[in-house]
Amino acid sequence: MRGLYSSKTDLRRKVFTEVARFAYEGGSKQDFEEIPFKILPGEVGSYRDNIFLERAILGERLRTAMGMPVRTAGESGPISTGIDDAEVPEHYYTPPLINVIKFACHACPEKQVIVTNGCQGCLEHPCMEMCPKKAISIVKGKSYIDQSKCIKCGRCVTACPYSAIIKQERPCTKACGAGAIKSDEKGRAEIDYDKCVSCGQCLVSCPFAAIVDKSQIYQTITALKSDTPVYAAVAPAFAGQFSAKRTGSKVRAVFKRLGFEDAVEVAIGADLCTIAEARDFVEEVPSKLKFMATSCCPAWAVLAKKTVPQFADNISMALTPMVLTARLIKKEHPGAKVAFIGPCAAKKLEAMRRTIRSDVDFVLTFEEVQGIMDAKGVSFDDIPESEYLPFNEASGDGCGFAVSGGVAQAVKDVIAQTHPEMEVKVARAEGLADCKKMLLMAKAGKYDGYLLEGMGCPGGCVGGAGAIVAPEKTAKTVAIGVKEKSNMTPFDSKYASLLTDVEERETTFNSDFSTGAAEWERKVFND
C-alpha cells in the first residue's frame, strides 16, 4: 500500500539501498553475499519465524534488484550467480519483468466465501434463503457454507445483516485487471505472461512481498560513475514524492548530487505528445478511425492490443512523453544516456522494446530512487536554497498527464485552441479492469467518434507501482502545479517546433537482442 511505511516497504527500501551502496562502492561478490546478513542480522526470524527462509527470500529480492532472474527453491548456488552479466552497464531488462518468488508465496486461496465468527445464528438466516445453490445450512446454530456447491456469487454476503459473511480473494489476483494471475500445482501465485502487461499492481498488493520486479539500480549507478553524462528524465508524478514539501525547485539539485548531469521534466515531452495526439485525432477521427485511444500508458496500450487486436491501429501512434523527452535530451546532448524516473513499472516494459532502447537507457521507479538517495545520504529536505534550480518548463496540461483524465483534457484543450468548432467526446477509465470494459464497449460501437483515455493504475500515473506516496495525496499536489501553470499551453513550449524532428529520428537497437526476447516482444506487443 502506497503511503504506508510497513515492514514490506522497509525491506524493499533496504534492498534498493544496499544494491545502490554496493554499486557506488564497487563491492565484490562476497560483499554481495553478505547483504542478506546485513539487512537481517541475528539468528531469529523477524517475519516468518525462520531466519534462513527470510534470507533466502531476501537473496532473490537482491537478485531482481540487480536485474537478475528469480530462482526456485530447488536451484543451488550463491545469490551472486550470474552477477557478472548484470554488471554490464548496457544490461537491459530481460523478460519476464514481474516475477513471483514461489517460496515466499503464501498460496492464498484464489476466491472463497466464508462465514466469520460474527455469525449470530439468527432466526431469519437470509443467507441460506438467498443462496441460489443451497450451499448454506445451519450447523450447531451457525451458518455453514458447503464450498463444493458455492459459486461465489456473493448474495449471502449482501444479505447478512451482521456482515458476518465475507468474500475473500487473493490480493494479487484481485488487483490484476488483466486477469494474469492464476495458481500453480501447489496453489502458489503464477503469472500468465501472455496476459500480463507489467503494471505492477500485483506486487503492490501482495502482503507477503512475494512478487517483485527487476531493477536497473546497479546499471544506472555504474553509468553515473563513468565518463558518459547521464540525464534524469523525471515524470510529472514526482510532485511531493520525496518530501512532504513541494519539491519542484529542488529536483535538479538532488539528481546532480546523485551523479546525474542534470534532470529534465518529462512534462515537456507530455506537451509534445499532446500536440501529436491532438493532430492525429483531428486528422483520423472519424474519417479513418471510429475512435482513437491515447498512447502514453504502456500497460493500457498493451492491454488494448491484446483485448481488441483488430483495433490496434486505433491506438495513437504518438510517441510517449518518456520517449519524446529522451529524444529531446539526446538531440541536445549527443552521446548522453537517459534514465527515466517515474512511478511506473510498465515503463520498464516499454523501454525493453528494441525501437526504444536507443532513446531510453534506464528506467527507475521513485521507490528505487529513494533507495539510491538513502545510500548516497541525499535528502530533498537538506537542499539549501542556494542550490534551487528552475524545473517548470512545461504547461499545466503537460503536468496533468500524471492523473487520470489529464491526458484527455490536454488533448481537448489543444483541439479547442486549433479547431474551436470541433467537439471532442471523451471516455476514460483507470485501472485495467475498467479499461477492459471500456474497450469492449468501444468494440461494440458505443464510443464511435470518441477519444479514449486509459490509465492502467487507479488514479492514473500517481497510482503506479513504484510510487512512494498515496495516489490521492500526490494527485492534490499535482493539481496545485497544474493550476499554477494554467496560463501556459503545450504550444507555448520552446520545444514545440522540434516535434517533427524527434518523431522522425531513426532509432537503432543492439544487435545482441536475443531471439527468445524478440519472440517475447512480438507476443507482448503484437508487433
Side-chain angles (χ1 to χ4, degrees), residues 23-24 88-93 216-236 238 248-273 275-276 296 318-342 347-348 350-364 366 368-369 372-373 376 378 387-395 398-399 401 490 492-510:
Y24 276 122
V88 178
E90 290 76 22
H91 179 81
Y92 297 101
Y93 287 116
Q216 285 180 311
I217 291 174
Y218 185 91
Q219 293 76 19
T220 304
I221 294 175
T222 300
L224 292 176
K225 292 164 60 178
S226 72
D227 295 330
T228 302
V230 183
Y231 287 79
V234 187
F238 80 89
S249 58
K250 301 181 181 182
V251 170
R252 292 171 65 192
V254 164
F255 280 96
K256 281 175 173 286
R257 285 193 178 192
L258 295 178
F260 289 89
E261 188 73 16
D262 206 345
V264 178
E265 192 177 13
V266 171
I268 64 176
D271 281 339
L272 302 191
C273 180
I275 296 170
C296 61
L319 296 172
T320 65
M322 175 181 77
V323 176
L324 286 166
T325 305
R327 289 190 177 186
L328 285 172
I329 293 172
K330 293 196 172 185
K331 181 178 178 63
E332 188 172 352
H333 306 284
K337 290 184 179 295
V338 175
F340 174 79
I341 313 295
K347 282 296 180 184
K348 298 178 179 182
E350 181 184 350
M352 288 165 66
R353 301 189 69 171
R354 291 171 292 165
T355 53
I356 293 175
R357 288 187 168 195
S358 62
D359 300 314
V360 182
D361 301 279
F362 311 104
V363 175
L364 296 175
F366 293 140
E368 291 164 347
V369 170
I372 296 175
M373 290 167 58
K376 195 71 171 175
V378 174
E387 291 187 39
Y388 286 9
L389 292 167
F391 194 69
N392 57 354
E393 295 183 294
S395 72
C399 295
F401 267 51
D492 295 323
S493 170
K494 66 180 182 180
Y495 302 101
S497 62
L498 299 176
L499 177 58
T500 301
D501 291 344
V502 295
E503 283 181 320
E504 293 181 351
R505 186 178 70 79
E506 290 186 6
T507 58
T508 59
F509 56 88
N510 279 13

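- Not counting sequence neighbours, the partners of S395 by the side-chain hydrogen bond (donor to acceptor under 3.5 Å, both in side chains) test are D271.
- Legend: residues meeting side-chain hydrogen bond (donor to acceptor under 3.5 Å, both in side chains) with E387, ordered by chain and number and at least two apart, are R257.
- Taking the ring centre of Y24 as origin, the terminal cationic atom of K376 falls inside the region bounded by 6.0 Å and 45° from the ring axis.
- Using a 4.5 Å heavy-atom threshold, the side chains of L319 and R327 count as touching.
- Looking at every heavy atom in both residues, G259 comes nearest to L224 through O-CD2, 3.5 Å.
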**OP:** Report the C-alpha separation of Y231 and K337 in whole Å, then their side-chain angles, then the decisive distance to 0.1 Å, and conclude whether the side-chain contact (heavy atoms from CB on, under 4.5 Å) test is met.
**Re:** CA-CA 6 Å; Y231 287 79; K337 290 184 179 295; over 6 Å; no

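- Under the rule for a side-chain contact (heavy atoms from CB on, under 4.5 Å), the partners of K256 that lie at least two apart in sequence or sit in another chain are D262, L389.
- Judged as a salt bridge (Lys or Arg N to Asp or Glu O under 4.0 Å), and not counting sequence neighbours, D492 has no contacts.
- Checked against side-chain contact (heavy atoms from CB on, under 4.5 Å), P390 has the following partners two or more places apart in sequence or in another chain: R252, N392.
- A pairwise comparison of heavy atoms in A394 and I268 identifies CB-N, 3.7 Å as the closest pair.
- Listed by chain and number, the residues in a salt bridge (Lys or Arg N to Asp or Glu O under 4.0 Å) with K348 are D213, E368 (sequence neighbours excluded).
- At a threshold of 4.5 Å between non-hydrogen side-chain atoms, the residues V230 and V338 do not count as touching.
- S226 pairs by the side-chain contact (heavy atoms from CB on, under 4.5 Å) definition with T228, not counting sequence neighbours.
- With respect to the salt-bridge test (charged N to carboxylate O, under 4.0 angstrom), the residues D359 and K331 do not qualify.
- Residues that satisfy the side-chain contact (heavy atoms from CB on, under 4.5 Å) test with P321, not counting sequence neighbours, are V266, A270, C273, C296, F401.
- Proximity of E265 to V234: side-chain heavy atoms (C-beta onward) are nowhere separated by under 4.5 Å.
- When the ring-ring contact (aromatic ring centres under 6.0 Å, His included) test is applied to F260, the partners found at least two apart in sequence or on another chain are F255.
- Not counting sequence neighbours, the partners of F238 by the ring-ring contact (aromatic ring centres under 6.0 Å, His included) test are F391.
- L328 pairs in a side-chain contact (heavy atoms from CB on, under 4.5 Å) with only one of the listed residues (V323, L272, V264), which is L272.
- We find the CD1-CZ distance between I221 and F362 to be 10.5 Å, quoted to the nearest 0.5 Å.
- Under the ring-ring contact (aromatic ring centres under 6.0 Å, His included) criterion, Y495 pairs with no residue at all, not counting sequence neighbours.
- Considering all non-hydrogen atoms of both residues, A235 and F366 come closest at O-CZ, 4.2 Å.
- Under the salt bridge (Lys or Arg N to Asp or Glu O under 4.0 Å) criterion, E393 pairs with K494, not counting sequence neighbours.
- The side chain to side chain donor-acceptor pair (under 3.5 Å) test with D361 is passed by exactly one of K330, Q219, Q216: K330.
- Scanning both residues, A351 and I356, for their nearest heavy atoms gives CA-CG2, 4.2 Å.
- A distance of 9.5 Å separates CD of E503 from CD1 of I275, quoted to the nearest 0.5 Å.
- When side chains are defined from C-beta on, K347 counts as touching T320, because their heavy atoms get closer than 4.5 Å.
- Between L258 and I372, the closest side-chain pair of non-hydrogen atoms falls below 4.5 Å.
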